[in-house]
Protein chains: 2
Amino acid sequence: MKVLLIEDEPSLATDIRKYLKSNDMLCEGVNDISTALEKIAAYEYDCILLDLMLPDGDGFEILETLKREQRQEGIIVISAKETLETRIEGFHLGVDDFLVKPFHLSELLVRIQALVRRKKFNGNNLVNFNEIEIDILTKNVKVKGVKAELTKTEIDLLLFLIGNKSKVLSKSAIAEHLSGDMADMLDNHDFVYAHIKNLKKKLGEAGSEDYIKSVYGIGYKWQHE
Amino acid sequence: MKVLLIEDEPSLATDIRKYLKSNDMLCEGVNDISTALEKIAAYEYDCILLDLMLPDGDGFEILETLKREQRQEGIIVISAKETLETRIEGFHLGVDDFLVKPFHLSELLVRIQALVRRKKFNGNNLVNFNEIEIDILTKNVKVKGVKAELTKTEIDLLLFLIGNKSKVLSKSAIAEHLSGDMADMLDNHDFVYAHIKNLKKKLGEAGSEDYIKSVYGIGYKWQHE
DNA sequence: TTCTATCAGTAAAACTTTCATTCAACAAAC
DNA sequence: GTTTGTTGAATGAAAGTTTTACTGATAGAA
């Protein structure tokens, strides 16, 4: 995950960079608009963190460039103060999220992750894994070109899994997700087993070719690129 | 990991408690300020979850107490609505994170864990011996920075040993401890040998550099400062 | 009817204990 | 100081136990 940080306040910038790095992200920092535009021209990022008040102008310039070039990066604006106007203007220019100073670094992290997760499914709605094709939007699933009739829960489970690709999801996390936070479901692993089983069957898992991998003692993960 | 939940809405409180418990945390719940203050006076927690709107006042009182007494607990505020002002005031009073209802339990969990992880770097719970790091609370063990997967018995044995550092423990004492006072285990030394062996292996003992020293004819001791 | 949750029985994995064997420590005799 | 016998300790592998996961059938809910 690559993040570009455009922020001229050195101490905050350092803090953010350190924090993101310690959470397994690559984070480059620049402190003015012109350098930012160079970077953006040269590289692709997953997410851009933008402070609006910069020494050589205000950050909307960058937003316009990104929009003109139809870039796909997620954009989070960091600002000291935030008015309804800047917010509206920002959203028109493609800003995905606002964060008002002072904020906690953990919140920034959560928002970046949420944003990137959202973005990943935008643009092209089709996700492919070998013989499986999933349309995120219409929630149609095809296995070897043939439509698979998944139930609501099964689709929900499938999207949860592929949305956390290669991350292991605990059974209670899955239970929470599927049951919509019904706490009395959390320690009921049977229904997780059941849905996993049914989903695997409909995805045509023949054993050798596993999409959903069970992790003993913990839960499941989607293992497929 | 011990969590204190201060929340007066019973159903939410129950949900949270169950969820945290199913994720291996100890969670106590109270529903007003006075009980909370009693608990805080009597016990130490890793993390305090605080709803600001409580029947007998607002939660800032608790924050002030915690701050006055320079307590080390991580604090996450759970609130129905959140203004910039409460947020700033909160941070000044030592709040580490805010969570606005409604939220997903999994998000709460992630934040607690992230918070506690951060806090831990301000020294506690961690015991170090050379290349071994033991977290007494979470019972996680790292060898050369890599997590070692110890079984329940192995952790039990390890804690017994380091808890009696440099004291020699007889094999029957170890047997008694591990078997939970099963009398027929006391003169069975084979299983002590076995567990010692497995533990040594997982701790990466290369022979030269011994943590667990065997004392001929008696038992074992942990020799390391 | 379709979908979801539960149950009971089975399978699989991990963990514990035992066993047989080899290796090391101590003590007595030379 | 060396030899030798005896006992204690370490080890790998196997058997036994417990825990966790999977499955098909079924009953209940939508």
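Below, chains carry the letters A, B, ... as their sequence lines are ordered, and counting in each starts from 1.
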For this session: May I have the distance from Leu199(A) (atom CG) to dC3(C) (atom P), rounded to whole angstrom?
Result: 14 Å

Exercise. Hey, does the side chain of Thr151(A) come within less than 4.0 Å of dT4(C)'s phosphate (OP1/OP2), counting only N and O?
Worked result: yes

Exercise. Does dT17(C) have OP1 or OP2 sitting under 4.0 Å from an N or O in the side chain of His195(B)?
Worked result: yes

For this session: Not counting sequence neighbours, which residues clear side-chain contact (heavy atoms from CB on, under 4.5 Å) with Lys147(B)? List them please.
Result: Asn140(B), Glu149(B)

Exercise. Of all residues at least two apart in sequence or in a different chain, which pass the salt bridge (charged side-chain N to carboxylate O under 4.0 Å, His left out) check with Lys171(B)?
Worked result: none

Seminar exercise, completed: Quick tally for nucleotides 8-19 of chain D: nucleotides whose base has a protein heavy atom under 4.0 Å get B, sugar-phosphate-only ones S, the rest -, giving SBSBB------B

Problem set entry | Contact list for residues 106-116 of chain A, test salt bridge (Lys or Arg N to Asp or Glu O under 4.0 Å), sequence neighbours left out | Asp97(A)-Arg111(A), Glu107(A)-Arg111(A), Glu107(A)-Arg87(B)

Problem set entry | Rounded distance (nearest 0.5 Å) linking atom CD of Glu131(A) with atom NZ of Lys144(A) | 4.5 Å

Below 3.5 Å, can you tabulate the donor-acceptor pairs from side chains in residues 152-159 of chain A to any protein atom, sequence neighbours excluded?
from      : atom 1 : to        : atom 2 : distance (Å)
Glu154(A) : OE1    : Thr151(A) : N      : 2.8
Glu154(A) : OE1    : Thr151(A) : OG1    : 3.4
Glu154(A) : OE1    : Lys202(A) : NZ     : 2.9
Asp156(A) : OD1    : His177(A) : NE2    : 2.9

For this session: State which residues pass salt bridge (charged side-chain N to carboxylate O under 4.0 Å, His left out) with Glu28(A); sequence neighbours excluded, sorted by chain then number.
Result: Lys39(A)

For this session: Specify the separation, in whole Å, of atom CZ of Phe191(A) and atom C1' of dA21(D).
Result: 16 Å

